[in-house]
Amino acid sequence: MNPTDSDPVENPLYLAKLKVTRSPYERLFFDNYLIVIPVIYFFRGIFFYLTVKRFPDDFTDGIKIIVEISVLLFFVFSDRFLRSIAHELVVLFGDRLLTPKDGDEASDSRFLREIDLQCNAVHRFWIGGIMSAILMVYYAVSLDGLINIFNPEPYGILIFIYNQLNIIPNTIYAYFLGVSFWKIFAVSMMLRRLPQRFDIQVRFDHPDDAGGLLPIGTLALRMIYVFLIPTMISVFILVGPRLQVFSEVSLPATDRPVVLNMAAVALFVSILGSVMGLELIFRFHKVMKTQYSELIKGLHSLSGEILELRKNIIFSSTVQDSETLKQAAEKIDVLNQIYQKQKLANCWPVNRQILTGLLASQTFLFSQLIALWNIVSGILS
């Protein structure tokens with residue numbers, strides 16, 4: 001690695017090595033989805049209203065509304081996660097905590113390049129294609145055959161256009177959902193390999209209160225947040241029926257088994273994301289715990305030095321050795337401060353803020369699992 005590569009955290013030479021989205025088509029979508037998705041949604045609704053003089057289910061069905069919002073928020077959080085990767089990794093490598101096990105000084109640059117290659121690998125096309133194909137199968141079943149998706153005769157040209165305003169954008173969204181899933185998964189797998197590729201020197205006195213590994217905790221939490229978004233659907237499904245007691249607004253009349261399946265799938269996706277994020281945190285906790293054991297051995301030696309100094313003070317002459325005793329007392333004070341601080345060292349790659357986010361996300365997820373279990377148990381009984 002060149003010396004200039006690690007000077008400032010925002011070094012463009014470093015950032016240039018990692019671009020999780022290189023395709024111009026993907027960049028076009030991720031740069032404009034906040035405008036495109038709402039515009040298409042409202043245009044579709046207005047077109048339907050002008051055609052049949054009533055608002056479509058997109059505007060009245062609570063499930064469809066929450067799904068649309070969830071898709072938009074998923075892109076927001078996944079885009080935020082992917083855009084933060086370069087910065088967080090530059091912070092991590094810039095602190096000189098990672099020493100290549102192969103002794104190659106260019107290993108950090110090569111590692112960033114590998115993340116780049118994985119995020120832009122051909123696998124993202126397959127995952128995106130599979131997601132789009134699954135959605136097309138759903139539309140084919142809903143419209144009584146794949147041919148009816150492209151046939152205007154059964155419904156008329158205006159309804160056909162409205163259907164296309166649903167099918168085409170949603171299929172594109174599904175593709176980019178798959179692309180985002182792959183990129184997040186690829187980053188997660190690469191981060192898991194860090195302890196295998198580098199010797200990690202944890203600094204328990206680091207100002208980030210996480211041994212210098214706070215970027216790992218930050219990325220793990222953002223990853224969990226991305227996969228927590230689908231639970232908006234399950235929250236609406238599980239809590240929605242109870243809201244009828246407090247509101248006269250009618251909730252979606254979707255078939256109960258379909259609704260429960262949707263809630264189960266949303267929770268499964270969220271659990272998968274949580275497992276990926278938490279496993280990453282525990283993996284680095286193991287590294288920190290190992291180094292903390294070495295720190296404890298040093299603390300035992302430090303404790304012995306403090307006791308020895310105190311012993312010398314007790315048995316020394318206050319008249320002859322006053323200056324020596326003063327120096328010894330000052331040294332004891334310094335050593336005590338070091339001892340107390342190191343004894344309480346944090347062995348997790350998170351600070352209080354990240355920890356609060358982790359606990360809140362898992363509590364939110366666990367409460368939904370209990371709600372789903374209670375509903376399913378009531379049906380089965």
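We're numbering straight along the sequence, starting at 1.
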Asn120 backbone acceptor or donor facing Arg124 side chain under 3.5 Å: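 Side chain of Arg124 to backbone of Asn120, a donor-acceptor pair under 3.5 Å: yes, one is there.
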Main-chain N/O of Val20 paired with Lys183 side-chain donor or acceptor, under 3.5 Å: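 Confirmed, Lys183 side chain pairs with Val20 backbone.
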Taking the six-membered ring for Trp, are the ring centroids of Phe74 and Phe181 within less than 6.0 Å of each other?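 So the answer is yes for these two rings.
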Would you check if the distance from the ring center of Phe111 to the ring center of Phe198 is below 6.0 Å? yes
Rounded distance [0.5 Å steps], [atom1] in [X] versus [atom2] in [Y]:
| X | Y | atom1 | atom2 | answer |
| --- | --- | --- | --- | --- |
| Thr21 | Asp116 | OG1 | CG | 9.5 Å |
| Leu194 | Gln196 | CG | CD | 9.5 Å |
| Asp79 | Phe29 | CG | CZ | 9.5 Å |
| Glu114 | Arg110 | CD | CZ | 7.0 Å |
| Lys19 | Cys119 | NZ | SG | 14.0 Å |
| Ile167 | Gln164 | CD1 | CD | 5.0 Å |

Residues that [X] engages under side-chain hydrogen bond (donor to acceptor under 3.5 Å, both in side chains), provided they are two or more places apart:
| X | value |
| --- | --- |
| Ser361 | none |
| Asp31 | Arg83 |
| Thr356 | none |
| Arg44 | Asp58, Asn166 |

Evaluate Phe284 against Ile200 for side chain to side chain contact (heavy atoms under 4.5 Å, CB included), listing each step before the verdict. CA-CA 9 Å; Phe284 280 85; Ile200 302 174; 3.5 Å; yes
Partners meeting ring-ring contact (aromatic ring centres under 6.0 Å, His included) with Tyr138 (sequence neighbours left out):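 For Tyr138 there are no ring-ring contact (aromatic ring centres under 6.0 Å, His included) partners, ignoring immediate neighbours.
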Return the set of residues passing ring-ring contact (aromatic ring centres under 6.0 Å, His included) with Phe77 (not counting sequence neighbours), or none when no residue passes. none
My understanding is that only residues two or more places apart in sequence, or in another chain, count here; which of them pass side chain to side chain contact (heavy atoms under 4.5 Å, CB included) with Ala121?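 Applying side chain to side chain contact (heavy atoms under 4.5 Å, CB included) to Ala121 gives His123, Trp182.
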For Ile46, give me all partners under side chain to side chain contact (heavy atoms under 4.5 Å, CB included), at least two apart in sequence or on another chain. Leu50
[X]-[Y] co-clustered via ILVMFWY side chain contacts under 4.5 Å:
| X | Y | answer |
| --- | --- | --- |
| Leu28 | Val71 | no |
| Phe75 | Tyr25 | no |
| Ile115 | Leu117 | no |

[X] versus [Y], closest heavy-atom pair with distance:
| X | Y | answer |
| --- | --- | --- |
| Ile184 | Met276 | O-CE, 4.4 Å |
| Glu279 | Arg192 | OE1-NE, 2.9 Å |
| Leu98 | Phe93 | CD1-CE2, 3.5 Å |
| Arg22 | Arg27 | O-NH1, 2.6 Å |

Between Leu358 and Leu278, is any pair of side-chain heavy atoms under 4.5 Å apart? yes
Is any side-chain heavy atom of Asn163 less than 4.5 Å from a side-chain heavy atom of Phe160? no
Clusters formed by hydrophobic residues whose side-chain heavy atoms approach within less than 4.5 Å: which one holds Ile35, and what are its other members? Val39
State which residue, out of Tyr49, Phe48, Phe42, fulfils the ring-ring contact (aromatic ring centres under 6.0 Å, His included) condition with Phe55. Tyr49
Which donor-acceptor pairs under 3.5 Å do side chains of residues 125-136 form with protein atoms, sequence neighbours excluded?
from	atom 1	to	atom 2	distance (Å)
Ser132	OG	Gly128	O	3.2
Ser132	OG	Thr171	O	3.0
Ser132	OG	Tyr175	N	3.3

Please list every donor-acceptor pair under 3.5 Å in which a side-chain atom of residues 213-229 meets a protein atom from a residue at least two apart or in another chain.
from	atom 1	to	atom 2	distance (Å)
Thr218	OG1	Leu214	O	3.0
Arg222	NH1	Ser84	OG	3.0

Strictly by modelled atom types, are Gln362 and Ser274 linked by a side-chain donor-acceptor pair under 3.5 Å?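 There is such a pair (donor and acceptor under 3.5 Å, judged by atom type) between the side chains of Gln362 and Ser274.
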Taking it one step at a time, do Asn170 and Tyr173 satisfy side chain to side chain contact (heavy atoms under 4.5 Å, CB included)? CA-CA 5 Å; Asn170 290 341; Tyr173 301 160; 3.6 Å; yes
Pairs of donor and acceptor atoms involving the side chains of residues 347-355, under 3.5 Å and at least two apart or interchain, shall be tabulated with distances.
from	atom 1	to	atom 2	distance (Å)
Asn351	OD1	Gln353	N	3.3
Asn351	OD1	Ile354	N	2.9

Any chance CZ of Phe185 has more than 12 other-residue heavy atoms, nucleotides or ligands included, within less than 6.0 Å? no
Which is it for Tyr162 and Thr51 under the side chain to side chain contact (heavy atoms under 4.5 Å, CB included) test, yes or no, and what are the steps along the way? CA-CA 9 Å; Tyr162 171 75; Thr51 303; over 6 Å; no
Test side chain to side chain contact (heavy atoms under 4.5 Å, CB included) on Leu165 and Ile40; report intermediate values, then the result. CA-CA 8 Å; Leu165 289 174; Ile40 292 178; 5.7 Å; no
